[in-house]
Enquirer: 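Quick one: the structure is below, questions incoming.
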Amino acid sequence: MKIHRLIMGLGVAGMLASPSHAQDKSGDITIVLSSAVDVVEPCHMNSTGYIGQVLKANVVETLTRMDPATSEIKPNLATEWKQIDPQTWQIKLREGVKFQDGTDFNADAVVAALDRQFSPELQCRDTIRLFAKTTIEAKALDPHTVEIKTSAPMPLMPTTLSQIGMTAPGTSTTEATKSPVGTGPYTFTSWDPASNLVLTRFDGYWGDKPQVRQATYVWREEPALRASMVKVGEADLGLQIAPQDVDPQMDVGYLNADTSRIRIFMDKAPLDDVRIRKALNLAFDRSAFVGTIMSPDALPASQYMLPSVSGYDDSLKPWPYDPEQAKALVEEARADGVAVDTPIDLFGSQFMQANLDEMLQTLVQGWQEAGLNVQIRMVDKIQHSAMRRKPYPTDRGPTMVHELHDNTAGDAFFTMMVYYTSEGALSNISDPKLDAVLEEASVSTGDKRRSLFQQANRTIQQDVVPDIMLFHMVSYMRIGPRVSFKPDFTTGGQLELAAISLK
Amino acid sequence: MRGYIGSRMAHSAISMVGLVVLVFFLARLTGNPVDIYLPIEASAEARTAFSEAHGFDDPLIVQFWHFVRDLARLDFGMSLRQDRPVLDLVLAAFPTTLLLALCAMFIALVVAIVSGALAAQRPNGVLDRFVNVISLAGASLPNFWLAIVAVLVFAVGLRWLPTSGTGGFVHWILPVMVLSVRPCGLIAQVVRGSMISAMSSAYVKTARAKGVRRTTIIFVHALRNAMLPVITVAGDQATGMINGAVVVEVIFGLPGIGKLMIDSIQYRDFAMVQGGVIITAVAIFALNIAIDLSYALLDPRIRYS
Amino acid sequence: MTGNNRHLVEVRNLSVEFHTQDGTVQAVRNVSWHIDRGETLAILGESGSGKSVSSSALMGLIDIPPGRITSGEVLYRGEDLLKASYERQRELNGSKIAMIFQDTLAALNPVYPVGWQVAETFRAHGVGHKEADSRALELLERVELPNARARFNDYPHQFSGGQRQRIMIAMAIALDPDLLIADEPTTALDVSVQARILRLLKDLQRERGMGLLMITHDLGIVEGLADRVAVMNGGEIVETGPVGQVFNAPEHAYTRNLLNAVPGRQGFPASAPSDERRDTLIAVRELSKGYPSSSRSPVVMALDRVSFTLARGETLGVVGESGSGKSTLARTLLGLEKASNGTASYKDRDMLQPTSSDRTVLQRQIQMVFQDPTASLNPRMTVEEIISEPWAIHREILPKKDWKGRVGDLLEQVGLSREHAQRYPHQFSGGQRQRIAIARALALQPEVIICDEAVSSLDVSVQAQIIALLKSLKDEHGLSYIFIAHDLPVVRSFADRVLVMRKGQIVEQGRTEDLFTNPQHPYTRELLQSDPVLGGPVAA
Amino acid sequence: MSTIVTPGSRPNRSAVHRYLLLLWHDKFATAAVMFLLLVFFAALFGPALFESASNRINLLARNAPPLSFQHGWTFILGADSLGRSILLRLIVGAQNTMLLAASAVVCSLLVGSFLGFIAGYRNDWTSAVIMRVADVVMSFPSLLLALIVLYVLTPGIANVILVLAITRIPIYLRTTRAEVLEVRERTFVTAARIMGASPRRLIWRHIRPTVTPTLITIATLEFAFVMLSESSLSFLGLGIQPPAFTWGAMVAQGQSYLSTAWWVAFWPGVAITLTAMSLNLFANWLRIVGDPVQRWRLESRKKTS
């Protein structure tokens, strides 16, 4: 009986708690994300998708921004920048900008924000990723000019600055903030890590006034539920809709910057033989996946980056489907005494992409027909990470790992150095010639830089074959009838409320 | 009685110690969290710095000592992932699970008892066979399957109920319904068996000889006697739910303790896992004591022995 | 409806059949009887005679299925209750016709206070809660439940058997019924308690002018209480008439056999002139056993300085009411309970803390037969497995190939046939089960058998057969018995010597004849007085 | 109401024949046994006959609907998301499903009841230790335990069995102990003890046969539970690993297609439910047949009907 009353009480309380319907809610939207927002620290926002989706360009802005169409770096909170010498940059700031807490946005604020990124207590993921061992020293030259000195040359400073959030000077530098304050068009209004997060339009914003008044973020892990919520009107935008749930009337597909591949650890037989690596690439039909297991908009990939990235070589085509040749290569290797029958472990992790299981099973079937013995091992996120980065586990047989990579910064550097140099944290290549090319490319600029990276990409795909390149991945977003929005490859890390228009 | 509760609590305390040790060391066998918290390309230095900052490079036994020392002060530590006190997070998530479990158990019990008791009136009759088949089917349907079908039918198809999330009374209907199906099936089976034997007992004959009404005989005389095994099974089911109705919580986006713990182990948020296990264990031990007390409440023979 | 020419209740040509494991069984065939207000009718019969069936039909308590009424009428003041609606039957039950049952612990709902249960009779027939409670209390006081007001909210298990029967009676007489049915109301009770309960029933009947239908297997009760008797056997009434007439001049052979089976009815045998010195088998000295009852109250002595001896070939009767320590004595001697003090020896072997070789000897030489043969035989073992189990335990006694033959021999010795070996215990009657238990006890050819109420749960005629069996086995094998019983006539007819126990102490012991004819201790005298056979009619 | 059965009234038939007759008198049990036999043969021969066919991926037949013969008779139940015949996969998957569930149930039954016998028979400190350990396992959230163990070990079929077995041990342990505590006080046990039966004999010959029916009933209910738990593990990505699969994994895999291709998750769900129900019905029959006191219920039905 008491429980009954409790339920009734709950119902009543729920009705009272929900805001009155008299208020104008036409400018309010709800967005359903695929994972819980349990951290809102802006210094992780470029390394943790959902933080960026909520905060970036909404609450916290960056000094520069990248144009998704051209990968060009544009002014944002900075109006102009110049490189004084290889290790010094000077940045001119926009005037008349205020933080949401009322403090002025000026050179001191930028210095504070940059210093905060390097606070040892925060262990900012963005900093670890963007700067590695490089340190910086920033100082205010005048109220609207900042000088940044770096411990090593950083030719891509403008790109890097498009990934560093400018937090208000009052933000704690010793612990992760739970109510970030920035200069963006939306203030961080409320956050219940268990259920939702609300952003409200900031009236003192320096730029144009966006249409959306208030955005509520909720999260559901089950894709079918996200789809259903938009369908029945409980939400206006649903992210990460599963390909099988796609309804062309409501769902928009977009290249999400992720490229999938299977990395080959080339240290053990039979994977140390390039013929086997080629056979692995030739043994399945990439186009058969498109529109079945993969979305119809997915693109078979030839390189580990999107075509829009500077350094991508248009002349390279994905590996063709040629089972006969694959079989022949395997037989040839076998004839040469390569242990082609050794079982190869293929590691994958469910959290990486939808339908991964199915994709891998289909691949394995193709390889089996080519005469190779591959077995799938699904592992946990953390084991997957430990598998992928150096130092690599030593007690393993021939190994391959399925992985995803997104290069949203627009320059091949962010892919190539990590994955394809001998020093790269995630690389298993050790090719001095390739190293030299990439080293040179990384310090070059302009067309030279681009063509050197393109040259490296050709070498990798055709001669080294360190991976089985799969697809440029597609995500689907379900867009409700009240709003319109055009997602692009940045949407995985940034979801600009200002870009949403109401119908 | 008080002595009994005391000894039960002592037993629980011993089990709790075992549990604490187990969860601490088991959790740490699952790997170092650094691979999740830092970007994959992080340097070895960054990883070492992270481990040092959170004490993961101390010998296990030292870590355990710190954990026990803090626990003694009721300090469950900070969540690695959310950077908040574990106790706050667990206590925030717990009511959701508890409410979910209570409502589901209540509905399961009511439905199971009524249907089981009625089925028992004529063993192998039509109603009995029907209840038997339905309850068996209910007890063997996968939860997540049921949950998604329920959403598709009631929220998307018929649009009677919201799909998921928290909010008012209506948001609880689907998850509670889904959650109650299995216990309901199991309990109905037990009620049926237990009621059949109760209805053939001598005291029921006495009641009939006194001219007591049939409904009174079933629901007052027989049912209370038939309740002991029912309570055992219901307690077992409730334990499972308090331990986290994980699947239902995940699908319906309910911020409960089960989801919290599963997420935490996936993120190697050890303090959080420990806190969650300890708090739920306290609840489960309390539930077990409550079950024993309800035995005593239902049956005076237990009360006075 | 109150025509004076009609009987209060009349059963005419009732036939009922039951579906059981052996197909359909005619539980009663063409049974007819009647009863009037103020009259006491006893239906006398042994278990399975169908004596309870007609009263169950009268109250609508026959479950359908498995029971089915095939013919007949059950008339209450001329109204055929077999045709009455459920609701009409419910109205009559408790208010006009009431019933008290034998096993009060099972018949009272264990989870409700007794006051509540007594008051329920009122509530079920439309009396308000408050009034029901106060009238229930009056009733409990009327049936002389000690401390009724204070114990109103206590639960059935907190009362003794006699007190529970008083509560049952209170419940039954609540609404002044026309007819009170008492189904074996005193079977499980001690003799002294039994006497008081019967007296209470008689008083109440006189006071309220009810008809009293007494269903019993106990001839002593019938003789002491009833006006008329109907003797049932095999589902039929074989003889009916005024008690004096039937008992003094039984017409039917069955009735005669029944009367003959009652111990002492033919007079008791003069106990064997066993004065010659025989060697002592068991010697018990100052044996004590205390239970710490709870943390605060003092130790309860279940055995208090008990000393006695058992000689070879002797039957030692142990009598006393429930709780007197009889069973504890047996259990302590068998090592099932730890003694707190004293000694017990079997042929100079320590029985209380035997060495392992002594223990083997004791386990072979001393066997036990329990009260309830149903409980003491494993229902999942065949008779052969049960009887041969001692050999499976003590492997050296008999090679396995001989088991089958020996089981057959033993079965024949106890009056069963060899073919019974492959059956399960539930396929036998109570008496037959007890024979199986005895066969098992004999398997190891023991010297002593301890019988703990071994015949108490059996019908009179069966009881007589088992006693006869025990006697013949004793003569054949030179067995000695420790024969624990609460039934004095049985002990008198069987034992050579008797111990009387009370509250853990032996209050008196001596040769059977001496003790029964010339009791020394006041408690022994009281015990003998209460017995319906030895002490004479209750109502007297 | 004489209780003696006259010998020779029952014709002497072979034991098998007699049991078959007994089975035939319970129509529900007959149907159940027939279904279980079907599953048994599928488990025995399925992989040998259809292993490769069931793994043949055909993206053209992806999610082909049931009751269509377009792709051949094996696609009568439709195809899964990789265009594999659901019917063949059900047949082949029976082996892993049964192997996994049966092993887990048998392991936990054996270990749990063994410990339960010890705890029940020796009511001393060993009992206390066993019970406390059981409490620890009981209060440890089972899914969390499964996750941790499977993170530490790899999620192969043996480890999944291990996890499922460990978490269910307390059920058997507690039931066995409670039953043993009660049965050991029964008179026939005392009788055997007086004759000098060793503890092993008491447990094996007297207590065990009395407790077994209860354990079997629990085990059949647990069988369904284990299949469902395995399914939940697959749902959380930790079940059995492809290319191996079970019905539970099939449900888990198909659940993401529930809104577009319901049959992918539906048929394996039906298979689980039917197996669970059949086992339950069979266990009821077995319990009656195994009990000499109850067996007549089936025998007499033959006479009366």
Side-chain angles (χ1 to χ4, degrees), chain C residues 18-27 47-50 53 234-235 331 334-336 359-360 362-364 366-382 385-386 389-390 392-394 417 419-420 422-430 432-433 437 440-441 443-444 450, chain D residues 1-10 12 15 18 22 25 179 182-214 216 286-305:
Chain C
F18 279 91
H19 295 288
T20 70
Q21 64 188 88
D22 306 312
T24 309
V25 168
Q26 286 270 325
S47 53
S49 64
V53 176
R331 293 177 64 84
L334 288 162
L336 295 172
R359 178 175 290 126
T360 315
L362 290 171
Q363 281 164 352
R364 286 184 51 178
I366 305 177
Q367 294 299 319
M368 180 152 173
V369 177
F370 295 86
Q371 169 174 15
D372 182 355
T374 311
S376 71
L377 304 177
N378 188 335
R380 287 168 188 276
M381 287 165 84
T382 61
E385 287 171 319
I386 288 170
E389 187 171 27
I393 294 167
H394 301 277
S417 76
E419 289 78 47
H420 288 140
Q422 294 312 317
R423 299 230 187 106
Y424 289 93
H426 74 274
Q427 292 171 301
F428 295 88
S429 68
Q432 288 172 316
R433 284 177 213 164
R440 173 175 64 183
L444 290 174
I450 299 179
Chain D
M1 270 203 267
S2 146
T3 43
I4 286 292
V5 185
T6 39
S9 71
R10 207 163 299 141
N12 269 332
R18 208 169 68 231
L22 288 177
H25 294 127
E179 289 258 321
E182 189 258 320
V183 174
R184 57 178 270 186
E185 298 304 326
R186 291 204 192 161
T187 317
F188 65 81
V189 179
T190 309
R193 201 151 50 158
I194 288 170
M195 287 185 278
S198 61
R200 192 189 303 167
R201 185 180 176 83
L202 289 182
I203 290 179
W204 191 252
R205 287 289 290 157
H206 292 281
I207 301 179
R208 182 195 55 86
T210 316
V211 177
T212 304
T214 317
I216 287 184
L286 207 61
R287 192 171 44 183
I288 294 176
V289 168
D291 184 350
V293 185
Q294 301 265 336
R295 198 176 296 158
W296 64 270
R297 289 178 192 279
L298 294 168
E299 287 169 346
S300 76
R301 216 172 284 175
K302 137 185 86 183
K303 285 182 194 159
T304 47
S305 64

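Numbered from 1 within each chain, the chains take letters A, B, ... in sequence-line order. The structure displayed is predicted, hence computed values, not measured ones.
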Enquirer: What are the two closest heavy atoms between C:S376 and D:A191, and how far apart are they?
Expert: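 Closest approach of C:S376 to D:A191, heavy atoms only: O-CB, 4.1 Å.
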
Enquirer: Kindly give the heavy-atom pair with the smallest separation between D:I194 and C:I366, and that separation in Å.
Expert: CG2-O, 4.5 Å

Enquirer: With a 4.0 Å cut-off, would you call D:R205 and C:E389 a salt bridge?
Expert: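 Salt bridge: no.
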
Enquirer: Is the closest side-chain heavy-atom distance between C:F370 and D:T190 below 4.5 Å?
Expert: yes

Enquirer: List the atom of C:I393, the atom of D:A197, and the distance in Å for their closest heavy-atom pair.
Expert: CD1-CB, 3.5 Å

Enquirer: Can you tell me how far apart OG1 (D:T210) and CG (C:N378) are? Round to the nearest 0.5 Å.
Expert: 5.0 Å

Enquirer: Side chain from CB out, backbone as N, CA, C, O: work out which of these in C:R331 comes under 4.5 Å of a heavy atom of chain D, or both, or neither.
Expert: side chain

Enquirer: Could you check whether any side-chain heavy atom of D:M195 comes within less than 4.5 Å of a side-chain heavy atom of C:Q367, counting everything from C-beta outward?
Expert: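 Yes; the side chains approach each other to less than 4.5 Å.
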
Enquirer: For a quick test of reading the model, state the closest non-hydrogen atom pair linking D:P213 to C:R380 and the distance between them.
Expert: CG-NH2, 3.4 Å

Enquirer: Please rank D:R201, D:R186, D:R193 by heavy-atom pairs under 4.5 Å with chain C and give me the top one.
Expert: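 With the most close heavy-atom pairs to chain C, the winner is D:R201.
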
Enquirer: Non-hydrogen atoms of chain D under 4.5 Å away: do they reach the side chain of C:L336, the backbone, both or neither?
Expert: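 Just the side chain, heavy atoms under 4.5 Å.
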
Enquirer: Quick check for you: among C:R364, C:E385, C:Q371, which has the greatest number of heavy-atom pairs under 4.5 Å with chain D?
Expert: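 Of the options given, most contacts go to C:E385.
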
Enquirer: Which heavy atom in C:M381 sits nearest to a heavy atom in D:H206, and how many Å separate them?
Expert: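 In this case the closest contact between C:M381 and D:H206 is SD-CE1, 3.6 Å.
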
Enquirer: For C:R440, is it the side chain, the backbone, both or neither that has a heavy atom under 4.5 Å from a heavy atom of chain D?
Expert: side chain

